[in-house]
Amino acid sequence: MGMKAISKLKSMMPPSLSRHCSHTPTASRNAANHPPSSLLDDFTRFCYQRDLPRAIRAMDAMQRLGLHADAVTYSELIKCCLSRRAIAEATLVRNHIFSGGYEPKTFLVNTLINMYVKFDHLEEAQALFDQMTERNVVSWTTMISAYCNVKLNDKALKLMVLMIRDGVRPNMFTYSSVLRACDSLFNLGQLHCGIFKAGLDSDVFVRSALIDIYAKWGELRCALCVFGEMVTGDSVVWNSIIGAFAQNNDGDGALNLFKRMKRAGFQADQPTLTSVLRACTGLALLELGTQVHVHVLKYDQDLILNNALLDMYCKCGSLEDAKSVFDRMVEKDVISWSTMIAGLAQNGYSREALNLFELMKVSGTKPNYITILGVLFACSHAGLVEDGWYHFRSMKNVYKIDPGREHFGCMIDLLGRAGKLDEAIKLIDEMEYEPDAIIWRPLLDACRVHQNMDVAEYAAKQVLNLDPEDAGTYILLSNIYANSQRWEDVAEVRKNMRERGVRKEPGCSWIEVNKQIHAFILGDSSHPQIVEINRQLNLLIHKLREVGYIPDTSFVLRDLEGEQKDDSIRYHSEKLAIAFGLMSLSRGKTIRIRKNLRICGDCHIFAKLTAKVENRTIVIRDPIRYHHFQDGICSCGDYW
DNA sequence: ATAGGGTTAG
């Protein structure tokens, strides 16, 4: 059929139909010197060759002639714009596609929407979506997942409701994105029901999304249920469940699942190793963590994995290894710097932490909320009041970070430890926040160190008003009264505790020997070698007495949340763990202990003397910080 | 054309 014949045919069509044709009669007349068919061919070729400038030029000519190509060609062009981040060109393409009253297919509009989402132009994407006359499951899912990615959970959930009302059934793509938007266990349950009804519960994407969201809501049992229904193996689902346990501080659970994963024949990849390292971090398993390090070397460019490795070494008290990982990292982000700064500070190297913060500023990485917490922690544990004030003020002025409750808590800790209780109280008064436990607790700690009974009593009562379950504070309050021989008040506190059913957590210490964890719990003699351990402990105490050790049971006010006086200081769990470490770890090996309560003054002296007499390095990690005992002194400078 | 897993404090 000749060109004239086509024109004739088209001119007979109603205008609404002829708009959809690739060229109009006017167009073919104007294109006498450039046949439309070859223009279209050129355009198609340029698109597939990814020759963006030429494709755009051809498109321009087509637009002047009112020509349109097919949807697949346009989607090639859009891919090309995306890969070059060519936003201006992308907009030209969009305008061209809608020019001349042309109505693109749903498929093509979806591609355009997706393009704007990837360019982070959600308003444009939403505008296109709103204009659509026919929205399919892909259109809806693209928008929903876009809102999930920017954490506009409300919008995502609302769109899902509208989608269902519109008669479009969500598919596995929709569910695997929208699950992240759950803002309550209730709507999570509803979505899970929908998944069951649609028969999508066996999809691995849906499954891993379910595990992940249940874990985020702390529902490990539900996560395990979803995981347990898995028939076909999938490494991402494994990573989801291992991550679920690691993130909920169940390191044991994470490590057990990791073993099962390996037995099931799956290779550990970056997310697996990251979660395993996090589990080691939580359990203070330096030996296992070091073993994992070997496998990390395969992925030595992975930033997140290196950050997890760095944190593991910091939290296991192995600063030399941490520093070498940090120095070797080719890429460092705000988390790497923050981890290293906090790690140095918690291990007692405050000056180094502050020096590193200066380096961080020079490096061009902007500190965040958490970085500053590490910096203030460093100041408070080194008694650097002036530096503390300087950084506290500069966070708002220089970095535009509003100080949060935690930052005030750190400042109160800093002032309180330095004996400036008045200034600390003044800061609480000036603070715009309503004081809570994060504020009162450091004040209480300061009272403990500086033996200020009146303020301590006040602060303790404030903490208990806010958290009537806080065992450590009851103990402290009771000890404060005991110290002033206020026995009736002591009895009253104990009665309150009993009535509320508050029980003090027993002191517990852990030590890793040959990749096995040995736990020592106060008053528990179930360790198979307990007789030998006690013998060793008695010998040690005898040796220490010779160099002047006197068991001190008077650490009343020094023991805020530590094991209590009447727990019999002699059997505090870390003493047993130290004795066990001495007998089972070869000479020259560092004894590393993790415990659940803060170390008491007597155990602190005990550890210092043991380190000297036995010529050992001892590291004790308590819930807040680390003590490196060496040659009779501790890295905390007796200031904790 | 649309989807899932990992890191700092508390």
Side-chain angles (χ1 to χ4, degrees), chain A residues 71-72 74-75 78-79 82 105-115 117-118 135-146 148-149 170-180 200 203-213 215 226 234-244 246-247 249 254 261 268-279 281 296 299 302-312 314-315 329 332-343 345-346 367-377 404-407 409-410 437-438 441 623-624:
Chain A
V72 180
Y74 285 128
S75 79
I78 290 167
K79 270 188 227 160
L82 262 176
K105 291 181 184 142
T106 305
F107 156 80
L108 186 52
V109 184
N110 285 344
T111 310
L112 280 170
I113 293 178
N114 181 41
M115 175 188 80
V117 168
K118 296 227 168 90
R135 303 177 186 100
N136 65 13
V137 60
V138 177
S139 333
W140 287 99
T141 302
T142 306
M143 289 312 299
I144 289 173
S145 112
C148 288
N149 285 337
N171 63 11
M172 55 273 259
F173 290 81
T174 324
Y175 279 115
S176 53
S177 347
V178 83
L179 277 167
R180 266 183 303 151
L200 296 170
D203 182 82
V204 286
F205 284 79
V206 173
R207 199 187 290 275
S208 58
L210 272 171
I211 292 172
D212 200 52
I213 189 72
V226 174
D234 179 89
S235 66
V236 177
V237 179
W238 276 107
N239 287 341
S240 302
I241 194 70
I242 294 171
Q247 285 151 42
N249 293 319
M261 176 184 181
D269 60 6
Q270 297 96 311
T272 329
L273 294 173
T274 307
S275 295
V276 169
L277 281 172
R278 180 164 170 166
T281 307
V296 172
Y299 309 106
D302 192 302
L303 178 61
I304 298 179
L305 187 48
N306 275 312
N307 284 343
L309 183 68
L310 177 64
D311 193 39
M312 186 277 292
C314 285
K315 295 239 164 53
M329 283 170 71
K332 297 182 183 81
D333 66 357
V334 63
I335 295 184
S336 329
W337 289 97
S338 308
T339 304
M340 195 67 231
I341 290 169
Q346 287 170 324
N368 67 12
Y369 191 95
I370 296 170
T371 320
I372 307 290
L373 280 180
V375 171
L376 294 180
F377 188 93
R405 282 200 154 78
E406 287 101 332
H407 297 100
C410 271
I438 291 175
R441 233 181 278 270
I624 305 285

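Chain letters run A, B, ... following the sequence lines, proteins first, then strands; residues in each count from 1.
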Quick one: the side chain of [X] and the base of [N], do they pair up donor-acceptor inside 3.5 Å?
{"X": "N171(A)", "N": "dA3(B)", "answer": "no"}
{"X": "D234(A)", "N": "dG4(B)", "answer": "yes"}
{"X": "S176(A)", "N": "dA3(B)", "answer": "yes"}

How many Å lie between [atom1] on [X] and [atom2] on [N], as a whole number?
{"X": "D212(A)", "N": "dA3(B)", "atom1": "CG", "atom2": "P", "result": "16 Å"}
{"X": "R207(A)", "N": "dA3(B)", "atom1": "CZ", "atom2": "C1'", "result": "15 Å"}
{"X": "N136(A)", "N": "dT2(B)", "atom1": "CG", "atom2": "P", "result": "12 Å"}
{"X": "N249(A)", "N": "dT8(B)", "atom1": "CG", "atom2": "C1'", "result": "14 Å"}
{"X": "R180(A)", "N": "dT2(B)", "atom1": "CZ", "atom2": "C1'", "result": "13 Å"}
{"X": "F107(A)", "N": "dA1(B)", "atom1": "CZ", "atom2": "P", "result": "5 Å"}
{"X": "M143(A)", "N": "dA1(B)", "atom1": "CE", "atom2": "C1'", "result": "14 Å"}
{"X": "N114(A)", "N": "dA3(B)", "atom1": "CG", "atom2": "C1'", "result": "12 Å"}

Measure from the side chain of [X], starting at C-beta and using heavy atoms only, and say which of [options] lies closest.
{"X": "K315(A)", "options": "dG6(B), dA3(B), dT8(B)", "value": "dT8(B)"}
{"X": "S208(A)", "options": "dG6(B), dT2(B), dG4(B)", "value": "dG4(B)"}
{"X": "Q270(A)", "options": "dG6(B), dG10(B), dT8(B)", "value": "dG6(B)"}
{"X": "P271(A)", "options": "dG6(B), dT7(B), dA3(B)", "value": "dG6(B)"}
{"X": "Q247(A)", "options": "dT2(B), dG4(B), dG6(B)", "value": "dG6(B)"}
{"X": "F173(A)", "options": "dT8(B), dA1(B), dA3(B)", "value": "dA3(B)"}
{"X": "S275(A)", "options": "dG6(B), dT8(B), dT7(B)", "value": "dG6(B)"}
{"X": "V237(A)", "options": "dG4(B), dA3(B), dT2(B)", "value": "dG4(B)"}
{"X": "T339(A)", "options": "dA3(B), dT8(B), dG6(B)", "value": "dT8(B)"}
{"X": "D302(A)", "options": "dT8(B), dT2(B), dG6(B)", "value": "dG6(B)"}

What does [X] touch in the nucleic acid at a heavy-atom separation under 4.0 angstrom: a base, only the sugar-phosphate, or nothing?
{"X": "K118(A)", "value": "sugar-phosphate"}
{"X": "N306(A)", "value": "nothing"}
{"X": "I211(A)", "value": "nothing"}
{"X": "K79(A)", "value": "nothing"}
{"X": "T274(A)", "value": "base"}

Worksheet entry | With Y369(A) via ring pair (Phe, Tyr, Trp, His ring centres under 6.0 Å) - residues at least two apart | H407(A)
Worksheet item: Which residues satisfy the side chain to side chain donor-acceptor pair (under 3.5 Å) test with D212(A), sequence neighbours excluded?
Response: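 So D212(A) forms a side chain to side chain donor-acceptor pair (under 3.5 Å) with K216(A).
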Practice prompt. May I ask you to check whether N136(A) and S139(A) show a side-chain donor-acceptor distance below 3.5 Å?
Written response: yes
Discussion item. So, does R278(A) get its side chain near the phosphate of dT8(B), meaning an N or O under 4.0 Å from OP1 or OP2?
Written reply: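 For dT8(B), OP1 or OP2 has a side-chain N or O of R278(A) closer than 4.0 Å.
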Worksheet entry | Sub-4.5 Å side-chain heavy-atom contact between I304(A) and Q270(A) |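 Contact flag for I304(A)/Q270(A) side chains = no.
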